[in-house]
Amino acid sequence: MARRLRTVGMEFTDSAPIRLVFAAEVSAPPDVVYRALADDVASWPCWFTAVTRATPTGGGAGREVRLRGGVRFRETVVAAEPGERYAYRADETNAPGLGALVEEWRLTADGTGTRVQWTFAADGTGLFRSVLGVARLGMGRSFRDAVRRLDGRLTAPAA
């Protein structure tokens, strides 16, 4: 069953004991990337294969997300700045050992495209921290693959 996590704010992205930061480039401009992240939540499984289901809740104020392997999150959006930043805090999860989590997607114009930076800021038990240390490379690969698929989706000619 879901466990309640510690409530943290945006400052947690700078102070979390575990901070994983990844970046990649896409061809689409920041406003288009932002809409894919924040306004089209249900399409996440189409480009981020670790996500099997994503549903906006509360008129976009929150999300319910399921990952491969059965991990579930109930989240609250903590930053929604069109074309610049989209962030959410996990409020409940069934993931063992996790104590707090904020994920932030920063978008920066880069020529005609966008630099996408994902920060995964977390805290948890010692075992959880160790597992994330080992999982870092896989998470980076998953992020880069997701951004590559998102780029293809956003730049594909309209049918």
Margin query: Any side-chain to backbone donor/acceptor pair from R89 onto V8? Under 3.5 Å, distance only.
Written below: yes
Next item on the list: Give a yes or no on whether R19 atom CZ has more than 12 heavy-atom contacts from other residues, nucleotides or ligands under 6.0 Å away.
Entry: yes
Checklist line | R129 side chain to G124 backbone, donor-acceptor under 3.5 Å | finding: yes
Check: Between R144 and G140, is there a donor-acceptor pair closer than 3.5 Å when you use the side chain of the first and the backbone of the second?
Finding: yes
Notebook entry, point to check: Between T76 and R63, is any side-chain donor less than 3.5 angstrom from a side-chain acceptor?
Noted result: no
Next item on the list: Compare all side-chain heavy atoms of V33 with those of V116 and state whether any distance is below 4.5 angstrom.
Entry: yes
Note to self: Using a 3.5 Å distance criterion without hydrogens, assess whether the side chain of S142 forms a donor-acceptor pair with backbone atoms of G138.
What the structure shows: no
Note to self: Main chain of G70, side chain of N94: is a donor-acceptor contact present, judged purely on distance under 3.5 Å?
What the structure shows: yes
Checklist line | Heavy-atom side-chain contact between F22 and T119 under 4.5 Å | finding: no
Item checked: Same apolar cluster (I L V M F W Y, side chains within < 4.5 Å links), V78/L37 -> no
Item checked: For T155, side-chain hydrogen bond (donor to acceptor under 3.5 Å, both in side chains) partners two or more places apart -> none
Margin query: Does this structure show an ion pair linking R148 with D151, if we count only N-O contacts that are shorter than 4.0 Å?
Written below: no
Notebook entry, point to check: Would R4 and T93 satisfy side chain to side chain donor-acceptor pair (under 3.5 Å), going step by step from the backbone distance to the final call?
Noted result: CA-CA 7 Å; R4 191 99 182 122; T93 188; over 6 Å; no
Checklist line | Non-neighbouring partners of R66 that pass side-chain contact (heavy atoms from CB on, under 4.5 Å), sequence neighbours left out | finding: T52, R53, R72
Margin query: I'd like to know if the side chain of S43 reaches the main chain of C46, judged simply by a donor and an acceptor atom lying under 3.5 Å from each other, with no hydrogens or angles considered.
Written below: no
Item checked: Set of ring-ring contact (aromatic ring centres under 6.0 Å, His included) partners for W44, sequence neighbours left out -> W47, W105
